[in-house]
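Everything numeric in this text was worked out from a predicted model, so none of it was measured. Both counts, for ligands and for their atoms, begin at 1 and track the order of listing. No hydrogens, no waters, no symmetry mates; every other heavy atom, side chains included, goes into these values.
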Amino acid sequence: MIRARITGTGSYAPAKVVTNFDLEKTLDTNDEWIRTRTGIVERHLVVEGENTSDLATEAARRALEMAGVAPTDLDLIIVGTITGDYPWPATACIVQSNLGATNAGAFDLSAACSGFLYALAMGCDRIAAGNARKVLVIGAEVFSRIVDWTDRNTCVLFGDGAGAVVLEACEGDRGVLSTHLYADGSQLELLYQPGFGTRNTPSVEGIARGDHFVKMQGNEVFKVAVRSMAEVAKIALDANGMTTEDIDLFIPHQANIRILDAAAKRIGLRDDQVYVNVDRYGNTSAATIPIALDEVNRAGRLKEGDILLLDAFGGGFTWASALVRW
Ligand code: COA
């Protein structure tokens, strides 16, 4: 059986770091509130001239280097993002050009914070179907350009960054064992960006209302996120005939420490099974899981055969899990 194996990981966060104390200077907030409610201490933010495709390209270069794969060997590039450089064309096409991946198809995938796991699933399926041998999957976001920096309810939560993996067709029992994807669009207004698509086109009034900024009802999102992440984790375990005892590392979407803790508890995982880095990055949306995966990989924390459970939730709503034998 052919399955997709992760042969390289890479990540990149902008050099500029903004702490909670920095935010205190311009916003009616404080370190204590942000830390206790979210677990976030600092986040990386782009500076002028730095764009989603730049972060994605750097993360991709690092993943390709680790895998020992040349850009020209890639069959496909998928970027999970909702903050691409342009509404269209795809940021993946810019990454394709930056890398010189002249034999690859490229597209973006919009699933908000679940974007990386959705993209991973597409890459795995393309490989399993025999239509690709080497796929680059990226999660990359620049949320700092779509949050209202005067809205303390949202702006303190997010950061910018990118993470990437190289998937290669392999035989044997290592690799991505399963992916599960779900969505519920009936409550989209709990977490969304109202402008400016074709439903709400650019206008002076829309800009004055701040329609181009993230809108969120945090309390409601919190409850659905915990429930959905727990459910989709259990579905992954059941599908593979595994229990929580089989999990060496749980890498959840890093939205907020309280969501992570509540979801992990509901799934039945111990603290030492859960990877957390939200304190240093904030919520980088589609980039959180590949950044975390790259961190643990480069820290030498993963052994061959380890079982990893990846789990995401985001706007849409969308939620997803992937079970990986490393
Ligand atoms: N600093 C200080 N006070 C703040 C604040 C900030 N950055 N943001 C909000 N507050 C205030 C609110 O205005 C409110 O004040 P009020 O009672 O005077 O109106 C108070 O804190 C409590 O707000 P509340 O929304 O009840 O707080 P909370 O405990 O629910 O925490 C979130 C807010 C956003 C941290 C929490 O709801 C959450 O984590 N939601 C999930 C968000 C998320 O992760 N989304 C992405 C999912 S992919």
Does one side chain, of Ser53 or Asn51, offer a donor that lies under 3.5 Å from an acceptor on the other?
-> no
Considering the heavy atoms of Ala255, write down every atom of ligand 1 situated less than 4.0 Å from one of them.
-> 44 (O)
Counting only N and O atoms by type, is there a donor-acceptor contact under 3.5 Å from the side chain of Arg43 to the main-chain atoms of Tyr281?
-> no
Under 4.0 angstrom from atom 44 (O) of ligand 1, is there any protein heavy atom?
-> yes
Backbone, side chain, both or neither: what part of Val156 comes under 4.0 angstrom of ligand 1, heavy atoms only?
-> side chain
Would you say Asn30 and Phe21 make side-chain contact, with heavy atoms under 4.5 Å?
-> no
Val214 with Ile34, same ILVMFWY side-chain cluster at under 4.5 Å = yes
For atom 47 (C) of ligand 1, closest protein heavy-atom neighbour | Val221 CG1, 3.8 Å
Can you pull out the closest protein heavy atom to atom 46 (C) of ligand 1? Residue, atom name and distance to 0.1 Å, please.
-> Asn283 ND2, 3.7 Å
Report yes if the side chains of Thr284 and Phe158 come closer than 4.5 Å at any heavy-atom pair, otherwise no.
-> no
Answer whether the closest heavy-atom distance between the side chains of Arg145 and Val46 falls below 4.5 Å.
-> yes
Taking side chain as C-beta onward, heavy atoms only, is Val156 less than 4.5 Å from Ile40?
-> no
Tell me, which pairs form a ring pair (Phe, Tyr, Trp, His ring centres under 6.0 Å) where one or both residues lie in residues 223-264, sequence neighbours left out?
-> none
In ligand 1, which numbered atoms sit nearer than 4.0 Å to a non-hydrogen atom of Phe222?
-> 38 (C), 39 (O), 40 (N)
Which ligand 1 atoms does Phe313 reach within 4.0 Å, using its non-hydrogen atoms?
-> 48 (S)
Taking the side chain as every heavy atom from C-beta outward, state whether Val165 and Phe116 have any pair of such atoms under 4.5 Å apart.
-> yes
Please state which protein non-hydrogen atom is closest to atom 33 (C) of ligand 1 and give its distance, to 0.1 Å?
-> Trp33 CH2, 3.9 Å
Here the atoms of ligand 1 under 4.0 Å from any heavy atom belonging to Gly218 are 37 (O), 40 (N), 41 (C)
Within-cutoff protein neighbour (heavy atom, under 4.0 Å) for atom 14 (C) of ligand 1 = no
What is the nearest protein non-hydrogen atom to atom 6 (C) of ligand 1, stated with its residue, atom name and distance?
-> Thr29 OG1, 3.3 Å
Do me a favour and list the nearest non-hydrogen protein atom to atom 36 (C) of ligand 1 with residue, atom name and distance?
-> Arg258 NH2, 3.7 Å
Considering only heavy atoms from C-beta outward, does the side chain of Thr244 approach that of Leu237 to under 4.5 Å?
-> yes
Ligand 1 contact by Cys113, heavy-atom criterion under 4.0 angstrom | yes
Is ligand 1 under 4.0 Å from a heavy atom in the side chain of Asn256, in the backbone, in both, or in neither?
-> side chain
Acceptor/donor pairs from residues 168-176 side chains to any protein atom, 3.5 angstrom cut, sequence neighbours excluded:
unit_1	atom_1	unit_2	atom_2	d
Glu168	OE1	Lys134	NZ	2.6
Glu168	OE2	Thr7	OG1	2.6
Arg174	NE	Trp326	O	3.1

For ligand 1, which atoms sit closer than 4.0 Å to a heavy atom of His253?
-> 48 (S)
Under 4.0 Å from atom 1 (N) of ligand 1, is there any protein heavy atom?
-> yes
What is the closest protein heavy atom to atom 25 (O) of ligand 1, and at what distance does it sit?
-> Asn219 ND2, 4.0 Å
Atom 10 (N) of ligand 1 within contact range, any protein heavy atom under 4.0 Å | yes
Determine whether the side chain, the backbone, both or neither of Ile259 has a heavy atom under 4.0 Å from any heavy atom of ligand 1.
-> side chain
Measure from the side-chain N and O atoms of Gln273 to the backbone N and O of Asp248, and report whether any donor-acceptor pair falls under 3.5 Å.
-> no
Closest protein heavy atom to atom 27 (O) of ligand 1, given as residue, atom name and distance to 0.1 Å = Arg37 NH1, 3.4 Å
Nearest option to atom 7 (N) of ligand 1, as decided by whichever heavy atom of Arg152, Met216, Gln254 sits closest | Arg152
Just by distance, do the side chain of Asp294 and the backbone of Ser11 share a donor-acceptor pair under 3.5 Å?
-> yes
